[in-house]
Enquirer: 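I have a structure I would like to understand better, so I am pasting it below and will then ask my questions one at a time.
Hydrogens, waters and symmetry mates are skipped; everything else that's a heavy atom, side chains included, is used. The structure presented is a predicted model; accordingly, all values stated were derived computationally and were not measured. All residue numbers refer to positions in the sequence shown, counting from 1.
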Amino acid sequence: MSFLDLSKPDGLKAFDDYIATKMYIQGYLPTTLDAQVFKLLGKAPDAKYTHAVRYYSHIAHLEADGKLKSVRQGGAVPAQLAGSVAAPVVNTSAPSAAPAAAKSGSKVVEEKQEKQ
């Protein structure tokens, strides 16, 4: 997955135009795409990119409140934002007990098969 180069004026302008009517990159809730764009921006954009500044400020508040740590997985990078800059890897999931549950679940299946 790759994004426009948000460190360059052309990339910021395209992003500013894209986010003009949106709160998030996709949908109505933040996703991992928002966390990735936030990292790519690195700092608040120049004030002339008003929509990008609004977006950055909003996502920065979510980050400060710890709300970007457990967002849903985003889909593909929208075509308007696709480019050649690799998206940063963002780990937004908390450690889970799924592997332990999977092991105990398979143990139960093995025990049932042995009884048959």
Side-chain angles (χ1 to χ4, degrees):
M1 161 180 349
S2 59
F3 286 97
L4 292 170
D5 188 347
L6 299 179
S7 67
K8 298 192 175 167
D10 289 347
L12 268 174
K13 173 70 173 122
F15 178 67
D16 191 63
D17 291 344
Y18 176 80
I19 207 71
T21 60
K22 298 171 177 45
M23 286 296 293
Y24 303 105
I25 302 299
Q26 285 181 333
Y28 300 101
L29 296 170
T31 67
T32 54
L33 290 176
D34 295 291
Q36 291 169 340
V37 168
F38 181 73
K39 278 193 165 197
L40 283 173
L41 286 168
K43 62 179 182 168
D46 187 276
K48 70 181 179 181
Y49 304 107
T50 56
H51 305 296
V53 170
R54 172 197 43 85
Y55 171 85
Y56 183 87
S57 177
H58 176 64
I59 300 300
H61 281 83
L62 293 177
E63 173 76 6
D65 290 343
K67 294 181 179 173
L68 279 186
K69 292 182 180 170
S70 59
V71 294
R72 66 186 173 88
Q73 181 68 35
V77 174
Q80 301 93 318
L81 298 181
S84 60
V85 176
V89 176
V90 177
N91 182 5
T92 59
S93 61
S96 72
K103 287 179 185 174
S104 65
S106 63
K107 197 174 199 178
V108 171
V109 171
E110 289 172 13
E111 288 174 3
K112 284 182 181 178
Q113 288 175 346
E114 288 175 6
K115 289 181 182 178
Q116 291 177 352

Enquirer: Do the side chains of D34 and Y55 get nearer than 4.5 Å, heavy atoms only?
Expert: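 Yes - at least one pair of side-chain heavy atoms lies under 4.5 Å apart.
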Enquirer: Strictly distance-based, threshold 3.5 Å: is any side-chain N or O of D16 a donor or acceptor partner for the main-chain N or O of A52?
Expert: yes
Enquirer: Rounded to the nearest 0.5 Å, what separation is found between the CD atom of Q26 and the OG1 atom of T31?
Expert: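 The OG1 atom of T31 is 5.5 Å from CD of Q26, to the nearest 0.5 Å.
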Enquirer: Is any side-chain heavy atom of F3 closer than 4.5 Å to one of V37?
Expert: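 They are in side-chain contact.
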Enquirer: What distance do L41 atom CG and Q36 atom CD have between them, rounded to the nearest 0.5 Å?
Expert: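 Spacing of CG (L41) from CD (Q36) equals 12.0 Å.
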Enquirer: For the residue pair L29 and V71, establish whether any side-chain heavy-atom pair is separated by less than 4.5 Å.
Expert: no
Enquirer: What residues, two or more places apart in sequence or in another chain, satisfy salt bridge (charged side-chain N to carboxylate O under 4.0 Å, His left out) together with K67?
Expert: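 Per chain and number, K67 pairs via salt bridge (charged side-chain N to carboxylate O under 4.0 Å, His left out) with no residue.
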Enquirer: Enumerate the residue pairs fulfilling ring pair (Phe, Tyr, Trp, His ring centres under 6.0 Å) with a member in residues 34-53, sequence neighbours excluded, ordered by first and then second residue.
Expert: F38-Y56
Enquirer: About how many Å separate CD1 of I25 and OH of Y18, when rounded to the nearest 0.5 Å?
Expert: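 So the gap between those two atoms works out to 6.0 Å.
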Enquirer: Tell me whether V53 shares a hydrophobic cluster with M23, the cluster being built from Ile, Leu, Val, Met, Phe, Trp, Tyr side chains joined at under 4.5 Å.
Expert: no
Enquirer: Suppose we screen for side-chain hydrogen bond (donor to acceptor under 3.5 Å, both in side chains). Which residues come up paired with K13, at least two apart in sequence or across chains?
Expert: D17
Enquirer: Grab the two heavy atoms, one from L33 and one from G74, that are nearest each other, plus how far apart they are.
Expert: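 Closest pair (atom of L33, atom of G74, distance): CG-CA, 4.1 Å.
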Enquirer: Starting at CD1 of I19, measure out to CZ of R54 and round the result to the nearest 0.5 Å.
Expert: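 Between I19 CD1 and R54 CZ, I get 6.0 Å after rounding to 0.5 Å.
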Enquirer: Please find the pair of heavy atoms, one from A47 and one from T50, that lie closest to each other, and give the distance.
Expert: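 Heavy-atom minimum between the residues: O-CG2, 3.5 Å.
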Enquirer: So L4 and L40, do their side chains get closer than 4.5 Å, heavy atoms only?
Expert: no
